[in-house]
Amino acid sequence: MNARHQKFRLNVELRQVKDAAACFLHSLLLHRCVGKFEYSAEKHFTLGSLGFAEVDCENIDLTYVRINSDELCANIDEHVCAFYSDVAESLTSHPPTPASSPSSPPINRFGDPSSSSTQVMLGLEFLQKKKRQWPFSEELASWEVWNLGLEICRTSNDELSVMRESVAEALGDLVLAVCSQINRPQYMPKMPSKTELTSVFDVQFSDCQPYLYKVVTSTPLNRRLQASQRPLATIQSVIKNLAYPT
């Protein structure tokens, strides 16, 4: 399956990371979530209703809309807090170059090699379970991938007050771009039968059902961790090949 990929970039101050990450993830899930399925037969169902809530950012002058689900919100908050923790620790060990112009337009496509600030990435992948021939288990195939590259700087409180407005404008434009692109006619998994429900939707929440998703991150901290684990993975692969030669 060829997944659609969308990439954006945003320049933020460290204290704005949580706001930007939560706004990005919730804005996507707002369009990739439905009410609970109620099946009357294998292929006949009705959908429950969804509520919505407005959220005021703490360090960005912006209000965004999310699904009004405490369970979904707690799940996303867990990912956001873990991401912020990795970012903050990465910046402690590898401080970024101070921003030269906090009020400059902070949104464009991710991947500008001229930037000297710390770069991290937050992604949201939407997945579908695909059956494979015995003895292989189901595989998770991505059908849509959204990536947000964040360039992180550290500023004074005075400069943060400037960035509250400039980042709000850029993040608002990003949300509008997401809304425009996510609603275009494109491939989406078909509504499932009762037995196929968990192959398309995440059923762990009691008040909503988002499409199956995975939050992915890339920071200097977890990139170093992944690099340190590669030799062990190589050794394990060699041992497996010796024990079970093809």
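This one's a predicted model, so the numbers in the text were calculated from it and none came from an experiment.
- Under the rule for a side-chain contact (heavy atoms from CB on, under 4.5 Å), the partners of Lys214 that lie at least two apart in sequence or sit in another chain are Glu125, Leu127, Val216.
- Separating the NZ atom in Lys194 from the CD atom in Glu38 is a distance of 9.5 Å, to the nearest 0.5 Å.
- If you check the side chains of Glu42 and Ser193, you find a donor sitting under 3.5 Å from an acceptor.
- One hydrophobic cluster, built from ILVMFWY side chains closer than 4.5 Å, cannot hold both Leu174 and Val55; they sit in different ones.
- Taking a 6.0 Å sphere around CD of Glu54, one finds it holds 12 or fewer heavy atoms contributed by other residues, nucleotides or ligands.
- Ring-plane geometry between Trp143 and Phe126 is classed as tilted, the angle between the planes lying from 30 to 60 degrees on a 0 to 90 degree scale.
- A pairwise comparison of heavy atoms in Phe201 and Gln209 identifies CD2-O, 3.5 Å as the closest pair.
- Scanning all heavy atoms of the two residues, the minimum distance from Leu47 to Gly35 falls at CD2-O, 3.6 Å.
- Residues Val80 and Val175 do not share a hydrophobic cluster, defined by chaining ILVMFWY side chains whose heavy atoms lie under 4.5 Å apart.
- The pair Glu144-Arg4 meets the salt-bridge criterion, with a side-chain N (NZ, NE, NH1 or NH2) lying under 4.0 Å from an Asp/Glu carboxylate O.
- Within the 4.5 Å cutoff, the side chain of Val120 has no heavy atoms near those of the Ser90 side chain.
- What you find for Leu124 and Val215 is that their closest heavy atoms are CD1-CG2, 3.8 Å.
- Partners of Asp61 according to the side-chain contact (heavy atoms from CB on, under 4.5 Å) rule, which considers only residues two or more places apart in sequence or in another chain, are Arg164, Glu165, Ala168.
- Note on ring orientation: taking the six-membered ring where Trp is involved, the planes of Phe37 and Phe45 are tilted (angle from 30° to 60°).
- Distance check: Leu148 CG to Thr217 OG1 gives 12.5 Å after rounding to the nearest 0.5 Å.
- Cys153 is not listed as a side-chain neighbour of Asn11, based on a closest heavy-atom distance of 4.5 Å or more.
- One finds the CD1 atom of Ile60 at 8.5 Å from the CE atom of Met163 (value rounded to the nearest 0.5 Å).
- The hydrophobic clustering, which links ILVMFWY residues whose side-chain heavy atoms are closer than 4.5 Å, places Val34 and Ile182 together.
- Closest of all the heavy-atom pairs between Cys33 and Leu50 is O-CD1, 3.5 Å.
- Counting heavy atoms from C-beta on, the side chains of Asp77 and Cys73 come closer than 4.5 Å.
- At least one side-chain heavy atom of Glu169 sits less than 4.5 Å from a side-chain heavy atom of Asp173.
- Between the side chain of Asp86 and the backbone N or O of Thr219, no donor-acceptor pair lies under 3.5 Å.
- Side-chain atoms of Leu171 and Tyr64, non-hydrogen and from C-beta on, never get closer than 4.5 Å to each other.
- Judged purely by atom type and a 3.5 angstrom limit, Glu71 uses its side chain to pair as donor or acceptor with the backbone of Ser206.
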Exercise for the section: Run the numbers on Asn2 and Tyr187 for side-chain contact (heavy atoms from CB on, under 4.5 Å), then give the verdict. Expected result: CA-CA 10 Å; Asn2 294 322; Tyr187 168 81; over 6 Å; no
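- The nearest pair of heavy atoms linking Val12 to Ala20 is CG1-CB, 4.3 Å.
- Side chain of Glu13 to main chain of Thr155: a donor-acceptor pair is present (N/O by atom type, distance under 3.5 Å, no hydrogens or angles).
- Proximity of a side-chain donor or acceptor of Ser27 to a complementary backbone N or O of Phe24 within less than 3.5 Å is not detected.
- Put simply, CG on Leu72 and OH on Tyr213 are 5.0 Å apart, with the number rounded to the nearest 0.5 Å.
- Other residues, nucleotides and ligands contribute over 12 non-hydrogen atoms within 6.0 Å of the CG atom of Asn68.
- By the 4.5 Å heavy-atom criterion applied to side chains, Asn147 and Phe8 are not counted as neighbours.
- The structure places CD of Gln16 at 7.0 Å from OG of Ser166, a figure rounded to the nearest 0.5 Å.
- The distance from the OH atom of Tyr84 to the CG atom of Asp19 is 10.5 Å, given to the nearest 0.5 Å.
- Note on Val167 and Leu176: separate hydrophobic clusters, where clusters join Ile, Leu, Val, Met, Phe, Trp and Tyr whose side-chain heavy atoms are under 4.5 Å apart, directly or indirectly.
- Residues Leu28 and Ile67 share a single hydrophobic cluster, defined by chaining ILVMFWY side chains whose heavy atoms lie under 4.5 Å apart.
- For the pair Lys129 and Leu140, the tightest heavy-atom approach, listed with the atom from each and the gap, is CG-CD2, 3.4 Å.
- Side-chain contact between Gln119 and Arg9: absent, with no pair of heavy atoms (C-beta onward) separated by less than 4.5 Å.
- When the shell of 6.0 Å around CD of Glu139 is examined, it contains more than 12 heavy atoms from other residues, nucleotides or ligands.
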